A.B. asks: 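Okay, here's the structure, questions in a sec.
As the structure is a prediction and not an experimental result, all values here were calculated from the model. Just so it is clear, the values below take in all heavy atoms, side chains as well, and ignore hydrogens, waters and symmetry mates.
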Amino acid sequence: MTAPDFTGWREPWPLTPTLHQLTEPKSVVVEMNRALPLAKNAQRPDRLPLRVLAGGLRLEGTMPGDLYAWARLSSLH
(Lines give C-alpha, C1' and ligand atoms only; values in the text may rest on other atoms or scores of the structure.)
Protein backbone atom coordinates (compact mmCIF):
# COMPACT_ATOMS: atom_id res chain seq x y z
CA MET A 1 0.00 0.00 0.00
CA THR A 2 1.19 3.50 -0.69
CA ALA A 3 1.12 6.20 1.93
CA PRO A 4 -1.97 8.43 1.99
CA ASP A 5 -1.64 11.86 0.40
CA PHE A 6 -2.60 14.72 2.72
CA THR A 7 -1.38 17.55 0.46
CA GLY A 8 -4.92 18.85 -0.04
CA TRP A 9 -5.66 18.99 3.69
CA ARG A 10 -6.29 22.52 4.94
CA GLU A 11 -6.36 23.30 8.66
CA PRO A 12 -9.03 25.87 9.57
CA TRP A 13 -7.16 26.67 12.81
CA PRO A 14 -3.42 25.99 12.27
CA LEU A 15 -2.54 26.72 15.92
CA THR A 16 -4.73 23.79 17.03
CA PRO A 17 -4.39 21.26 14.19
CA THR A 18 -6.86 18.46 13.64
CA LEU A 19 -4.61 16.25 11.50
CA HIS A 20 -1.41 14.91 13.02
CA GLN A 21 0.87 13.16 10.52
CA LEU A 22 3.57 10.77 11.67
CA THR A 23 7.07 11.03 10.18
CA GLU A 24 7.26 7.22 9.98
CA PRO A 25 4.25 4.87 9.85
CA LYS A 26 3.58 3.02 13.09
CA SER A 27 2.41 -0.60 13.20
CA VAL A 28 -0.94 -0.89 14.96
CA VAL A 29 -3.68 -3.42 15.66
CA VAL A 30 -7.13 -2.19 14.63
CA GLU A 31 -10.29 -3.32 16.42
CA MET A 32 -12.51 -3.59 13.37
CA ASN A 33 -15.83 -3.56 15.27
CA ARG A 34 -14.87 -0.11 16.60
CA ALA A 35 -13.43 1.21 13.33
CA LEU A 36 -16.30 -0.06 11.15
CA PRO A 37 -19.30 -0.85 13.37
CA LEU A 38 -21.74 -3.31 11.86
CA ALA A 39 -25.01 -1.75 10.74
CA LYS A 40 -28.14 -2.84 12.64
CA ASN A 41 -29.68 -4.39 9.52
CA ALA A 42 -26.48 -5.96 8.18
CA GLN A 43 -26.62 -9.58 7.13
CA ARG A 44 -24.38 -12.08 8.88
CA PRO A 45 -21.58 -13.51 6.69
CA ASP A 46 -22.83 -17.11 7.03
CA ARG A 47 -26.07 -16.16 5.24
CA LEU A 48 -24.36 -14.65 2.20
CA PRO A 49 -24.08 -16.49 -1.13
CA LEU A 50 -20.70 -18.20 -1.68
CA ARG A 51 -19.91 -15.96 -4.67
CA VAL A 52 -20.20 -12.91 -2.41
CA LEU A 53 -18.03 -14.48 0.29
CA ALA A 54 -15.38 -15.50 -2.25
CA GLY A 55 -15.04 -12.01 -3.74
CA GLY A 56 -15.74 -9.98 -0.64
CA LEU A 57 -13.61 -8.05 1.79
CA ARG A 58 -12.18 -10.11 4.63
CA LEU A 59 -12.66 -8.47 8.03
CA GLU A 60 -11.64 -10.02 11.33
CA GLY A 61 -12.09 -8.87 14.93
CA THR A 62 -8.60 -7.39 15.02
CA MET A 63 -6.34 -6.73 12.05
CA PRO A 64 -2.82 -5.38 11.61
CA GLY A 65 -2.39 -1.98 10.01
CA ASP A 66 -0.08 0.98 9.53
CA LEU A 67 -0.87 4.35 11.12
CA TYR A 68 0.20 7.32 8.97
CA ALA A 69 -1.83 10.04 10.66
CA TRP A 70 -4.55 10.59 13.21
CA ALA A 71 -7.27 13.18 13.62
CA ARG A 72 -8.16 14.93 16.87
CA LEU A 73 -11.87 14.46 17.55
CA SER A 74 -12.13 16.41 20.79
CA SER A 75 -10.15 18.78 22.98
CA LEU A 76 -10.19 16.36 25.95
CA HIS A 77 -6.85 14.77 26.77
Side-chain angles (χ1 to χ4, degrees):
M1 179 179 168
T2 61
D5 181 13
F6 296 109
T7 56
W9 183 276
R10 299 290 178 252
E11 289 285 355
W13 298 279
L15 296 178
T16 56
T18 302
L19 181 70
H20 297 272
Q21 295 183 61
L22 303 176
T23 54
E24 292 289 324
K26 179 180 177 181
S27 294
V28 295
V29 175
V30 180
E31 292 181 35
M32 296 308 295
N33 62 340
R34 294 185 75 183
L36 302 171
L38 188 62
K40 289 181 182 178
N41 298 328
Q43 198 171 26
R44 289 180 36 182
D46 58 355
R47 294 187 186 142
L48 292 175
L50 289 177
R51 65 179 177 80
V52 174
L53 289 173
L57 180 64
R58 179 180 167 193
L59 296 176
E60 298 177 3
T62 59
M63 299 183 74
D66 295 319
L67 180 67
Y68 290 88
W70 57 272
R72 181 182 306 276
L73 299 179
S74 75
S75 60
L76 301 176
H77 298 287

A.B. asks: May I have all residue pairs that pass salt bridge (Lys or Arg N to Asp or Glu O under 4.0 Å) and include part of residues 60-71, sequence neighbours excluded?
C.D. replies: Arg58-Glu60
A.B. asks: Kindly say whether Tyr68 contributes a backbone atom to a donor-acceptor pair with the side chain of Gln21 at under 3.5 angstrom?
C.D. replies: no
A.B. asks: Can you get from Val28 to Leu22 by hopping between Ile, Leu, Val, Met, Phe, Trp and Tyr side chains that sit under 4.5 Å apart?
C.D. replies: yes
A.B. asks: With sequence neighbours left out, what residues match Trp9 under ring-ring contact (aromatic ring centres under 6.0 Å, His included)?
C.D. replies: none
A.B. asks: In chain order, what residues pass the side chain to side chain contact (heavy atoms under 4.5 Å, CB included) check against Met32, with sequence neighbours excluded?
C.D. replies: Val30, Leu36, Leu59, Met63
A.B. asks: Compare every heavy atom of Thr18 with every heavy atom of Glu11, then report the nearest pair and how far apart it is.
C.D. replies: OE1-N, 2.9 Å
A.B. asks: Taking CD in Glu24 as the centre, count heavy atoms belonging to other residues, nucleotides or ligands within less than 6.0 Å. Is the count above 12?
C.D. replies: no
A.B. asks: On a heavy-atom basis, which atom in Arg10 and which in Pro12 lie closest, and how many Å separate them?
C.D. replies: O-CD, 3.4 Å
